[in-house]
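What's counted below: heavy atoms across the whole structure, side chains too, no hydrogens, waters or symmetry copies.
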Amino acid sequence: MESSIRFGIRRNAGKREELTMRVIGNILWIILGGLAIAISWTLIGLFLCITIIGIPLGVQAFKMAGLTLTPFGKTVQYGGGVGSTLANILWVVLVGWWMALGYLGAGVLNCITIIGIPFGIQSFKMAKLALWPFGAQIYSL
């Protein structure tokens, strides 16, 4: 009985520590450039939504803005059907490849140091989303 209580306390303490690390990671991310990139994505999304044709692209830019603002504690689930695949192919050809390449380069540079590895992992997550955003859903852990 006593051991199960202790394990319950440890389990809750672990979740609290995990939440604290997510918050610290997101704060550092925002300070070190995440806010500027998220604002840029938002402005791009607003610009794309001016035309009816650009609205689907603008929605994807808003999705990137949300993930770029606070990436720690979020996961991306990929799915979608034929329409998403066709839109993703068009996206990759027009803008996806160079955006993904930028995030990939940032991830590699972050992973050079031990302290930067968590930030590099987040950059790799965003590189994949920048390459293939249609049909992807972002969930909080």
Legend entry - Non-hydrogen side-chain atoms of Met99 and Trp41 separated by less than 4.5 Å: yes
Inset, instruction - Could you identify which residues cluster with Phe47, counting Ile, Leu, Val, Met, Phe, Trp and Tyr as linked when any side-chain heavy atoms lie under 4.5 Å apart, either directly or through a chain of such contacts? - result: Ile50
Legend entry - Heavy-atom neighbours of Ile52 CD1 exceed 12 at 6.0 Å: no
Inset, instruction - Say whether Phe124 and Leu101 are linked into one hydrophobic cluster, either directly or through other cluster members, by side-chain heavy-atom distances under 4.5 angstrom. - result: no
With a cut-off of 3.5 Å and sequence neighbours excluded, list every side-chain donor-acceptor pair involving residues 129-137.
none

Legend entry - Members besides Ile53 in its Ile/Leu/Val/Met/Phe/Trp/Tyr cluster (side-chain heavy atoms under 4.5 Å): none
Inset, instruction - For residues Ile117 and Asn110, determine if any side-chain heavy atom of one lies less than 4.5 Å from a side-chain heavy atom of the other. - result: no
Legend entry - Stepwise side chain to side chain contact (heavy atoms under 4.5 Å, CB included) check, Ile30 with Leu69: CA-CA 6 Å; Ile30 288 169; Leu69 187 60; 4.2 Å; yes
Legend entry - From CA spacing to verdict: side chain to side chain contact (heavy atoms under 4.5 Å, CB included), Lys128, Tyr78: CA-CA 10 Å; Lys128 186 175 178 184; Tyr78 294 92; 3.3 Å; yes
Inset, instruction - Verify the cluster assignment for Val95 and Met126: are they in a single hydrophobic cluster under the rule of side-chain heavy atoms below 4.5 Å apart? - result: yes
Inset, instruction - Working to the nearest 0.5 Å, report the span between CD1 of Ile44 and CZ of Phe62. - result: 10.5 Å
Legend entry - Rounded distance [0.5 Å steps], NZ in Lys74 versus CD in Gln122: 10.5 Å
Inset, instruction - Could you grab the distance from atom CD1 of Ile138 to atom OG1 of Thr70, nearest 0.5 Å is fine? - result: 9.0 Å
Inset, instruction - Please assess Trp29 against Ser123 for the test side chain to side chain contact (heavy atoms under 4.5 Å, CB included), listing each intermediate value before the final yes or no. - result: CA-CA 11 Å; Trp29 182 271; Ser123 293; 3.8 Å; yes
Legend entry - Same apolar cluster (I L V M F W Y, side chains within < 4.5 Å links), Leu94/Leu57: yes
Legend entry - Shared hydrophobic cluster, Trp97 / Leu48 (ILVMFWY, side-chain heavy atoms < 4.5 Å): yes
Inset, instruction - Could you check if a side-chain atom of Ile37 sits within less than 4.5 angstrom of a side-chain atom of Tyr103, using non-hydrogen atoms only? - result: yes
Inset, instruction - Evaluate the side chain to side chain contact (heavy atoms under 4.5 Å, CB included) criterion for residues Leu28 and Phe119: first the C-alpha distance (whole Å), next the side-chain angles of each, then the deciding distance (0.1 Å), finally the verdict. - result: CA-CA 9 Å; Leu28 287 172; Phe119 299 98; 3.8 Å; yes
Inset, instruction - Rounded to the nearest 0.5 Å, what's the gap from CG on Leu141 to CZ on Phe72? Could you check? - result: 12.0 Å
Legend entry - Non-hydrogen atoms of Cys49 and Gly58 that approach each other most closely: SG-CA, 3.9 Å
Inset, instruction - State, to 0.1 Å, how close Ser84 and Gly79 come at their nearest heavy-atom pair, and which atoms those are. - result: CB-O, 4.5 Å
Inset, instruction - Mind checking the CG-OG1 spacing from Leu35 to Thr68? Nearest 0.5 Å is all I need. - result: 11.0 Å
Legend entry - hydrophobic_cluster_shared for Leu67 and Trp98, side chain cutoff 4.5 Å: yes
Legend entry - Minimal non-hydrogen separation, Gly120 against Cys111, with atom names: CA-SG, 3.8 Å
Legend entry - Approximate separation, where rounding is to 0.5 Å, of Lys125 NZ and Thr75 OG1: 6.5 Å
